[in-house]
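Please read through the structure below; I'll follow up with questions.
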Protein chains: 2
Amino acid sequence: MKKKASTIKDIAQALNLNISTVSRALNNSRKISDETKKLVQDYAEKVNYRPNAIASSLRMGRGNTIGLVVPRINRQFFSNLIYGVEEVLNSAGYNLLICQSNELLENEKQAINTLINARVDGIIISISKQTASYKHLETVINRDIPLIQTDRVADLLPTNKIVNNNFKASYIAVQHLLDSGYKRIAHISGPLAINIYKERLNGYTKAIEDSRLSDKSPIIFENIITDSEAYKLATGLISDKKMPDAFFAASDFAALGILKALKDNNIRVPDDVGIVGFANEPFTEIISPALTSFDQYSIEMGREAARILLDELENKQENRVPKQITIDPRLIVRESSIRRL
Amino acid sequence: MKKKASTIKDIAQALNLNISTVSRALNNSRKISDETKKLVQDYAEKVNYRPNAIASSLRMGRGNTIGLVVPRINRQFFSNLIYGVEEVLNSAGYNLLICQSNELLENEKQAINTLINARVDGIIISISKQTASYKHLETVINRDIPLIQTDRVADLLPTNKIVNNNFKASYIAVQHLLDSGYKRIAHISGPLAINIYKERLNGYTKAIEDSRLSDKSPIIFENIITDSEAYKLATGLISDKKMPDAFFAASDFAALGILKALKDNNIRVPDDVGIVGFANEPFTEIISPALTSFDQYSIEMGREAARILLDELENKQENRVPKQITIDPRLIVRESSIRRL
DNA sequence: AAAACACAAGCAAACGTTTGCATTTATAAT
DNA sequence: ATTATAAATGCAAACGTTTGCTTGTGTTTT
């Protein structure tokens, strides 16, 4: 004997009013007398009326929902991003539909599909490692669904973008190591298919080129992300006696692996070898020696992505020019890169 | 001159069919001839038809969407939880609507409201620090929306629950410290309004009682969560010369604060003082000495929560008895708690 | 006192699906 | 040839809102 949820129709019936009146009363329309409004609202309260957002969405043609696609929800960077997105979106009255691609293109396509079908008002995405074809994203654009790319972006797509200045940050990282007196600086890079790693690599290369070093040959190791990969790499370098005197790693985890390997082989950091990481993972300030790294303002990136999206939604105008917001990561100097002389 | 998205009505018109036929063809109903199916499906493909999930939801009375409410998306534990939930839900064809309460009851209520209005099929929640009144959750139950509580739960509410066995884990933590030869074991607790901290405290107390220690007086410090709070606490204990010889902290961050303070005061861990934390935060195995802690299987908890929910949704039956799934956290022994003799 | 005007409320269509039932057509059973 | 049966399609209502338009009152203006 469960009573089903009450609708405006029920209320109208009970109060001997028309549903349009009830609807307007609940939405505080000025066309309705205060008297009736109170009557309706009180009764709605009493019967625990909850507006059916689905019906409303259908009628209004929009659901106040934003879709978000990230590679992995539980990576610190992305969970911070989501945090920021949710914060802004929620206080603007939007809901957040979240999908993760697990770094797989197939899942990403699937997610985009779901979001389109759900008629989200906009989509924020950080593309997967595999994403090299952009057809699914073009579909989004063609449907006039505002699309914002963050962090990992497809440069060619004409969408708003929120990114870090990876090039500049890397350039600064190398300069910092040079300033500390290191001379043979290696770069540990990630999968170059992802633009951020490519950019960090470029920043590194340029900085080395621009340096006053006599030996300007870059030392690059690609596709190293986990600490164990880095550990192996560093161990190999030690036994091959090819140890550089500094590392700029494109990820903190890679930096950590290097650090562990060096410690295990009694090579002193920062005295013998300097290290700079990237992302300012929580552990960087906790380990010993604390790791120099870059704060990416991930929460703020999320907030900004949401803000841009809201702006686009609320000031709908023709022929917008896609803009790109670039945030400079902040170098956080810690022990691992300051040579005690 | 933008063409609006095509609907089954458009397809029906173009193909000179009835919309019901189109609908059935797209849903692969057996009532439709293969011929017509192919015709419809091909045409739908051609015009890039996307079913309007909102309309479908309205008609069907359900939207294949699950709501999730957590205190903070970007805490490791919760982002892992979400990861697990998303994984299971997504492959079962459900969408995930995420809200964070920011540890505020008001936000939590608001989130629940939104989710009810969105007519989600079920809700998974980890309640906020402030949540002491459960009216909003009762509303959910009264509306027959399946509700699953995880980790932080309101015991009195008759819902399914996925929890850690905090009592048992704490008991084991203390036993482990006793086995390592520590004799004055303190407990650093969190806000006791949250059940998990209460349970951990109880486990600690019981273990001390059950011990063979001559001095069985518990040493408890409440409401310490951040590492800086713990740092201050430990520093105070040192200057007051009231240092216990071991700490079991209800959070890794508290444990970290203690550890830092001890190191800064040249007290050796684990030789002079032992430490055990809780949650197995990523940093625990990275710092030196590595911190003994408890893995909570957070991803698996998320998966399990989602599974339970799906089960409840798919095998709808009257008078279900709410069940509680308890997961034993796993003690991960690291350096910080093994006394080298 | 008639015309003009607000104001409040009602009517009905629309959003895009799904689905029970009715109808048509082709096929099988008598 | 007639009827019963099955197969394929069409019709129309329903889900719960929102909103332009119409209608009915009572108040103001001339």
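The sequence lines fix the lettering, A, B, ..., with proteins before strands; numbering per chain opens at 1.
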Closer than 4.0 angstrom, basic N to acidic O: yes or no for A:Arg152 and A:Glu103? yes
With a 4.0 Å cut-off on heavy atoms, is B:Asn16 in touch with a base, just the backbone sugar-phosphate, or nothing at all? sugar-phosphate
So, are A:Lys135 and A:Glu138 salt-bridged, with charged N and O less than 4.0 Å apart? no
Report the residue (B:Ala55 or A:Val22) whose heavy-atom-nearest nucleotide on DNA chain C is the more 5′ of the two. A:Val22
Please work out if A:Asn117 contacts a base, only the sugar-phosphate, or nothing of the nucleic acid, heavy-atom cut-off 4.0 Å. nothing
Working for side-chain hydrogen bond (donor to acceptor under 3.5 Å, both in side chains), residues B:Gln149 and B:Ser126: CA-CA 6 Å; B:Gln149 299 191 77; B:Ser126 214; over 6 Å; no
Nucleotide of C:dG10, D:dG16, C:dT19 approaching B:Ser23 most closely (side-chain heavy atoms): C:dT19
With a 4.0 Å limit, can you tell me whether B:Asn18 has a side-chain N or O closer than that to the phosphate oxygens OP1/OP2 of D:dC11? yes
If you assign B:Arg119 and B:Ser20 each to the DNA chain D nucleotide with the nearest heavy atom, which residue ends up on the more 5' nucleotide? B:Ser20
Report the nucleotide, chosen from D:dT17, D:dT9, C:dG10, that has the shortest atom-to-atom distance to any side-chain atom of A:Ile8. D:dT17
Between B:Glu300 and B:Arg307 (salt bridge meaning N to carboxylate O under 4.0 Å), is one present in this structure? yes
Can you find a donor-acceptor pair, distance only, under 3.5 Å between A:Arg24 side chain and C:dG10 base? yes
Between B:Glu35 and A:Lys31, who's closer to the 5' end of DNA chain D by nearest nucleotide? B:Glu35
C:dA8 phosphate, OP1 or OP2, under 4.0 Å from A:Ser33 side-chain N/O: no
Does A:Thr36 place a side-chain N or O at less than 4.0 Å from the phosphate oxygens OP1/OP2 of C:dA8? no
